Amino acid sequence: MKKLNLSKKTKRSLAYVGIVGGCAVLALTFFVISQYEKAKYNASVQIQLTAKRYVEKADPEMFEIEGSEANWWKDIYADFTLETQKNSNAYVGTAIPAYSFSTLTLVAFGLVLKHADKTKEKEEKEV
């Protein structure tokens, strides 16, 4: 098998692309996932609020009747209160890494530019 001979400049460029590109891909991946979780959160909040409105509007005597619409809305409200909390936690859990990786991408890009500039100056001095 033939071995590739890459120059130092090419190896450095590949490393730069790998670092910045990797951070960018992770940022975009977490951002897309966090937007999905945010949409789930918003949907569960809407259902929770709708159920809450029906529960508050219902006649208190209806809660004593098994299988009544008021009890159904009460169950929906209880279920979606838990679901909303889960969706909120999932959104925060994915949004924080998304924003962290996007910031890290910018920092890595700046550091790569700084390192490339220093390397270029060093090579010019050697010549």
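Side chains included, hydrogens not; waters and symmetry mates left out as well; all remaining heavy atoms used. As the structure is a computational prediction, the values presented were derived from the model and not from experiment.
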Requested in this report: Fit a plane to each ring of Y99 and F31, take the angle between them on a 0 to 90° scale, and name the class: parallel (under 30°), tilted (30 to 60°) or perpendicular (over 60°).
Outcome: perpendicular

Report summary line: For M62 and N71, the nearest pair of non-hydrogen atoms, with its separation, is O-ND2, 4.0 Å

**Report entry** Inter- and intrachain pairs under salt bridge (Lys or Arg N to Asp or Glu O under 4.0 Å), touching residues 64-73, at least two apart
**Finding:** none

Query raised in the report: Do F30 and L104 belong together in a cluster built from hydrophobic side chains that touch within less than 4.5 Å?
Result: yes

Query raised in the report: Rounded to the nearest 0.5 Å, how far does NZ of K74 lie from CD1 of I76?
Result: 13.5 Å

**Report entry** Distance in Å, K38 NZ paired with T94 OG1, rounded so as to fall on 0.5 Å steps
**Finding:** 11.0 Å

Requested in this report: Please identify each residue that fulfils salt bridge (charged side-chain N to carboxylate O under 4.0 Å, His left out) with E83, with sequence neighbours left out.
Outcome: none

Query raised in the report: Do F101 and V20 belong together in a cluster built from hydrophobic side chains that touch within less than 4.5 Å?
Result: no

Report task. Check whether any side-chain heavy atom of S100 sits under 4.5 Å from a side-chain heavy atom of T103, and report yes or no. Result -> no

Report task. Return yes when atom OH of Y16 has more than 12 non-hydrogen atoms of other residues, nucleotides or ligands closer than 6.0 Å, and no otherwise. Result -> yes

Report summary line: When every non-hydrogen atom of L6 is compared with those of T10, the smallest separation belongs to CD2-CG2, 4.1 Å

Report summary line: Rounded to the nearest 0.5 Å, the CD1 atom of I19 sits from the CG atom of L111 at a distance of 9.0 Å

Report summary line: Contacts of L82 meeting side chain to side chain contact (heavy atoms under 4.5 Å, CB included) (sequence neighbours excluded), chain-then-number -> none

Query raised in the report: Judged by atom type as modelled, is there a donor-acceptor pair below 3.5 Å linking the side chain of S34 to the main-chain atoms of A95?
Result: no

Report task. Kindly work out whether a path of hydrophobic side-chain contacts (I/L/V/M/F/W/Y, heavy atoms less than 4.5 Å apart) joins I47 to W72. Result -> yes

Requested in this report: Could I get the full list of salt bridge (charged side-chain N to carboxylate O under 4.0 Å, His left out) partners for K40, not counting sequence neighbours?
Outcome: E37

Atom pairs and distances, side-chain donor-acceptor, residues 117-127, under 3.5 Å, sequence neighbours left out:
unit_1 : atom_1 : unit_2 : atom_2 : d
T119   : OG1    : H115   : O      : 2.7
E123   : OE2    : R12    : NH2    : 2.8

Query raised in the report: With hydrophobic residues grouped by side-chain heavy-atom distances under 4.5 Å, do I96 and V32 end up in a single group?
Result: no

Query raised in the report: So, the side chain of S68 versus the backbone of F63: is there a donor-acceptor pair under 3.5 Å, distance only?
Result: no

Requested in this report: Work out which heavy atom in V92 is nearest to a heavy atom in P97; give both atom names and the distance.
Outcome: O-CD, 4.4 Å

Query raised in the report: Mind checking whether Y41 and Y91 have ring centres under 6.0 Å apart?
Result: no

Indicate every side-chain donor-acceptor pair of residues 49-60 with a distance under 3.5 Å to a residue at least two apart or in another chain.
unit_1 : atom_1 : unit_2 : atom_2 : d
T50    : OG1    : Q46    : O      : 2.9

Requested in this report: Please report the shortest heavy-atom distance between S44 and T84, naming the atom on each side.
Outcome: OG-OG1, 3.2 Å

Query raised in the report: If only atom types and distance count, is the side chain of S13 paired as donor or acceptor with the main-chain N or O of K9 below 3.5 Å?
Result: yes

